[in-house]
Amino acid sequence: MRWSQTFVPTLKETPAEAEIVSHQLLLRAGLVRKLSGGLYTFLPLGLRSLKKVEAIVRAEMDRAGGIEVLMPALQPPEIWHQSGRYQTMVDALYKLKDRAGKEWVLGPTHEEVITQLVANEFNSYRQFPRNFYQIQLKFRDEIRPRFGLMRAKEFIMKDAYSFDVSDEAAMASYRRMYEAYTRIFARCGLRTFPVEADTGVIGGNYSHEFMVPAETGENDVAYCESGKYAANVEKAVSRGPLLPTPVVSSGATPEKFPTPGVVTIEALSKAPYQIPAFQQIKTLVYRIDSGIALILVRGDDHLNEPKLISQLGSNAVRPATSEEIFASLAAHPGSLGAVSGVPAAVPVFADLALQGACGMVTGANEDGNHYRHVDIARDIRVTKWLDLRTVQAGEHCVETDLPLKIRRAIEVGHVFKLGTKYSEKLNATYLSEDGQRHPVVMGCYGIGITRTLQAVIEQCQDKDGIRWPLSVAPYEVCLTPLSVAPQSPAWQLAEQVYRDLELAGIQVILDDRDERPGVKFKDSELAGFPVRLAIGEKSLAKGEVELKPRGGTLEVVKVEDAVRRVVEWVTTERAKYVI
RNA sequence: CGGGACGUGGCUCAGCCUGGUAGAGCGCUUGGUUUGGGACCAAGAUGUCGCAGGUUCAAAUCCUGUCGUCCCGACCA
C-alpha cells in the first residue's frame, strides 16, 4: 500500500478527550475516530490491526474445534424473558421498537440465541460435544463509556459456547478454550495472566478471566508472587485480615454510649472515642430479593458485593435507600447495628472474619448512639456466616501463605463454565444412551476483540508511539524513501524494493508522501510499524540503505541485500508469533 | 444516577475573574527558499465563541436552562 493512497490522519498533538496512553495513540496514530461517546469509526490502519486480531482468534478457535456462525445482533426480547436475563440485565440492554410498536433488543451477548439454536437442532448425545463461536458486534448500554475502545457502547467480541453431555466433558471443553485463549493472546503479542473470577450475571460456577496488567485497567487482581494464586478481588480470598479479630470476652454486656454526630467508622476511631476500626462492626443494609437484609463486616473491611450476590444467589441486590433503612430499623446510616431493634424477619449476614468477635463496637439503631462490649456470638442473631469481605494487599495467600499483592488489570478474555442454567430455561436437551432426556451442559467464552486491540497498544508503546507486535501490526514494514522525486535514485530504488517485498508476501506500506524526512520518521514511529527501511541519498551514495526495527538499533544494509534482509527480518519475527 | 471540569477555526489552547469590534501555535492555501528527525520567509483563508433564553446601550465574558465531552464516584452507612 502506498501511504498517499490510504488514509492515515496522524496527529501531532494529543486530543484533549483522551486520558490514557492507548486511547491517545489510537487517535494520534490515525487508527480510529470518535463518532460519539463509546462509538468509533475504524480507519484503515486500525481496521487492518483489528482484522489481524480477528484472524488470530479465528485460527485458534478453529484449531480448538470451534464452529463459526454469525448470529443476529437484533434479538426478540422473548428469549431474554425466557432466560430470566431481561430482568437481570435490563440496565445493559438497548431496546428499540419497530414501526408496529413491537420491542426488540440489541444483543449484549448471545447465550440465549445460541441455546435456542441448539435446542431446536440437537437431540441426541451423539451430536455432542459442540462449540459454536462468532465474531460479532455487541451492544451494551454502558453507564459510562470510557477510555476509547476499552468500554464502549458498541464493541466487537468473539463469543463461543460449548455444549456437552456431562460435567466432565464440559470441563474438558473449558480447558480446551482456556488453552486456546493462552495461545491467542500470546500470538497477539500480549502478556496476559489468567485469574479466578466471579461469574456475574452470566451465571455459572467456574470461571477465569484473562488479564493484561495495566494501571489503567478497571479490575483489581489479587495475586501471589509464587504464581500459584491469582484472582479478581471480586472473588479473591486470603487467610484473613492482618490484624486479628479480638475473640476474648471481657464478660461485660453491651452498653449504650452517646456518639452525637458520629456517622463513620473513621470518626469513631479518633478522639475522643479511640476505637480502632478492627474493633468495630460495620453494618450495611441491602435490598435483596426477599427484602431488607443486614450485612455485617469488620470496621476495617470492605463488603465485596459480587461475593454477596453470588452467595445469596439473589438477582436484584442493591444498597437500601436511606428511607428503606429508616423504615425497617428506625435509625439512619451511621448509627446502625444488629444488636437490638432488628425485626425478626430481617436476615443478618455476617462476614466470617467476625466469627467469635468480642468487645466490639457497633451502632445502636438509635441515631447518635453506639454499643460497646458487643460479643457477636452472644449479642447478635446471625442468620448466616458468609465470606463477604474484600481481600486487602499484604494478607496471606491461601495456597502459599506469602503476602498477596494487588494490581490493576484490563480484562480481555473470560471463560465460564455455565452448567445447565440456560439449557434448562431454553429447553436445550438431548436424549442419552438410555433414552433419558437431560439438559445440555454449557460453557461460554468471550474475548473483547476491540478491547484486546487497545490493550496491545497500552502494553506496547513508548514515548514515540505504538510498538506493534508484528502479528497485529497494520503493516509489517514501512518503506521510507527520503525523496519522492520520480527520477531520484532513492525513489526508483524504493519502487523496486516495494514491488519485490510485495511479491515476497511482505505487508509493506510505502511512504510516498512528499514530506520531509523528520515527518516521515515521526509518523512511522507513531504508527508503530515493526520495521522501517529508509532509503536516502546519503547512504545510497555508499550503496547502502537503513533497516530500523521499531525500538531497536539501526542496521546498515547493502542495497543489493535490502530485499533479502527485510524478508529475513520479517520471517524471523513472524516465527515468534507462531505457536 | 451523584459530584467535578471543560465546550472559542481541522487540532492544542489563551481571552472570561474586571462586559466594549475574537487571538496564538500547529494544520490548511499560494509563492519562494529548504531537504536525514515533526523546516524557514512572505502573503492568505477559515469562527453565528456548543445551543436556547435572560440581564445590559453592549455578552465569548454575567445569570438560567439545555446538549455534548472528559474525569471521579456509585458498599465505607
Side-chain angles (χ1 to χ4, degrees), chain A residues 9-20 23-24 27-28 30 33-39 91 141-148 151 216 218 233-234 262-269 277 280-287 293-309 317-326 329 331-338 349 351 362-363 365 367 370 388-390 392 464-465 480-485 488 490 513-526 532 534-541 544-546 548 554:
Chain A
T10 56
L11 265 20
K12 204 185 290 192
E13 290 180 279
T14 303
E17 72 189 45
E19 188 79 3
I20 68 174
H23 186 194
Q24 293 170 351
L27 295 167
R28 286 229 293 141
R33 283 296 182 264
K34 184 176 72 176
L35 200 220
S36 170
L39 298 173
D91 293 343
D141 188 357
E142 290 290 343
I143 305 176
R144 173 148 90 95
R146 64 182 123 181
F147 301 147
R151 182 168 294 278
T216 51
E218 297 191 83
V233 292
E234 294 179 347
V262 172
V263 293
T264 63
I265 301 278
E266 199 194 346
L268 257 186
S269 72
Q280 301 183 41
I281 298 171
K282 186 186 290 183
T283 307
L284 307 159
V285 184
Y286 266 73
R287 172 85 209 186
L294 290 194
I295 315 295
L296 271 34
V297 297
R298 226 173 66 167
D300 57 339
D301 274 335
H302 300 315
L303 169 66
N304 193 316
E305 211 170 88
K307 284 187 179 178
L308 179 70
I309 292 169
V317 170
R318 60 165 174 82
T321 64
S322 219
E323 295 73 44
E324 287 169 331
I325 292 171
F326 192 79
L329 298 177
H332 290 99
S335 304
L336 303 178
F349 300 108
D351 180 60
T362 187
N365 274 345
D367 286 351
H370 279 72
L388 296 173
R389 64 188 296 274
T390 303
Q392 297 185 31
D464 296 315
T480 308
L482 300 188
S483 164
V484 294
S488 72
R513 296 174 300 166
D514 187 10
E515 288 288 351
R516 299 168 62 84
V519 173
K520 293 187 171 194
F521 291 152
K522 288 288 183 191
D523 272 352
S524 77
E525 281 151 16
L526 180 58
R532 177 175 69 216
I535 303 178
E537 306 294 341
K538 279 186 186 168
S539 45
L540 205 51
E544 294 165 345
V545 293
E546 290 159 10
K548 173 75 167 58
L554 189 138

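Residue numbering restarts at 1 for every chain, and letters A, B, ... go by the order of the sequence lines. We use all heavy atoms of the structure for the numbers below, so side chains are in, but hydrogens, waters and symmetry mates are not.
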Atom-to-atom span, NE2 of A:H23 to C1' of B:C71 - whole angstrom: 13 Å
Heavy-atom closest pair, residues A:D367 and A:S335: CA-OG, 3.5 Å
Partner nucleotide of B:C1 by Watson-Crick or wobble geometry (both distances under 3.5 Å): B:G73
Rounded distance in Å between the P positions of B:G25 and B:U61: 25 Å
Close side-chain approach of A:K282 and A:L296, heavy atoms under 4.5 Å: no
Touch class at under 4.0 angstrom, heavy-atom based, for A:F147 against every strand present: sugar-phosphate
Atom pair distance, as rounded to whole Å: NZ in A:K12 and C1' in B:C28: 13 Å
Base-pairing mate for B:U56 - Watson-Crick or G-U, with both contacts under 3.5 Å: none
Heavy-atom closest contact (A:S483 atom, A:S488 atom, distance): OG-OG, 3.1 Å
Span that lies between the P atom of B:G15 and that of B:C62, in whole angstrom: 12 Å
Distance, P atom - from B:C28 to B:G38, rounded to whole angstrom: 16 Å
Which residues share a side chain to side chain donor-acceptor pair (under 3.5 Å) with A:S524, sequence neighbours left out: A:R532
Same-atom distance (P) from B:C63 to B:U56, integer angstrom: 16 Å
Touch class at under 4.0 angstrom, heavy-atom based, for A:K34 against every strand present: sugar-phosphate
Each nucleotide N or O in nucleotides 65-68 of chain B that has a protein N or O under 3.5 Å away: list the pair and distance.
none

B:C28: pairing nucleotide in any strand, Watson-Crick or G-U under 3.5 angstrom: B:G44
Sugar-phosphate only, base, or nothing, as touched by A:R389 at under 4.0 Å among non-hydrogen atoms: nothing
Phosphate contact (B:C70 OP1 or OP2) by A:R144 side-chain N/O below 4.0 Å: no
Euclidean distance, atom CZ of residue A:R146 to atom P of B:G4 [Å, nearest integer]: 18 Å
Under 3.5 Å: donor-acceptor pair, side chain of A:N365, backbone of A:L329: no
Partner set under salt bridge (charged side-chain N to carboxylate O under 4.0 Å, His left out) for A:E324, not counting sequence neighbours: A:R318
Contacts of type salt bridge (charged side-chain N to carboxylate O under 4.0 Å, His left out), residue A:E142, not counting sequence neighbours: A:R151
Integer-rounded Å distance: B:C28 P and A:R513 CZ: 11 Å
Steps toward side chain to side chain contact (heavy atoms under 4.5 Å, CB included) verdict (A:D301, A:Q392): CA-CA 8 Å; A:D301 274 335; A:Q392 297 185 31; 3.5 Å; yes
P atoms of B:G50 and B:A60, separation to the nearest Å: 10 Å
Integer-rounded Å distance: B:G73 P and A:E19 CD: 12 Å
Euclidean distance for C1', B:C40 against B:G3 (whole angstrom): 49 Å
Side chain to side chain, A:L294 and A:V285, heavy atoms closer than 4.5 Å: yes
Side-chain (A:K522) to main-chain (A:K12) donor-acceptor, under 3.5 angstrom: no
Any-strand Watson-Crick or G-U partner of B:A39, both distances under 3.5 Å: B:U33
Side-chain N or O of A:R516 closer than 4.0 Å to phosphate OP1/OP2 of B:U35: no
Check: A:E537 side chain, B:G36 base, donor-acceptor under 3.5 Å: no
Spacing of the P atoms in B:A58 and B:G19 (rounded, Å): 15 Å
Sugar-phosphate, base or nothing in reach of A:L284, heavy atoms under 4.0 Å: base
Euclidean distance, atom NZ of residue A:K522 to atom C1' of B:A39 [Å, nearest integer]: 14 Å
Separation of the C1' atoms in B:U12 and B:G27, to the nearest angstrom: 11 Å
Atom pair distance, as rounded to whole Å: CD in A:E218 and P in B:A74: 12 Å
Results of salt bridge (charged side-chain N to carboxylate O under 4.0 Å, His left out) for A:D300 - residues two or more places apart only: A:R298
Watson-Crick/G-U partner (both atom distances under 3.5 Å) of B:C51: B:G65
Nucleotide nearest A:P333 (side chain, heavy atoms from C-beta), chosen from B:G38, B:A77, B:G37: B:A77
Between B:A74 (P) and A:N304 (CG): distance, integer Å: 13 Å
Please produce a list of atom pairs where a protein N or O lies less than 3.5 Å from an N or O of nucleotides 23-25 of chain B.
{"residue": "B:G25", "atom": "N2", "partner": "A:E13", "partner atom": "OE1", "Å": "3.0"}

Sugar-phosphate, base or nothing in reach of A:V297, heavy atoms under 4.0 Å: nothing
Contact nearer the 5' end of RNA chain B, comparing A:I325 with A:L526: A:L526
CD/A:E537: more than 12 non-hydrogen atoms of other groups inside 6.0 Å: yes
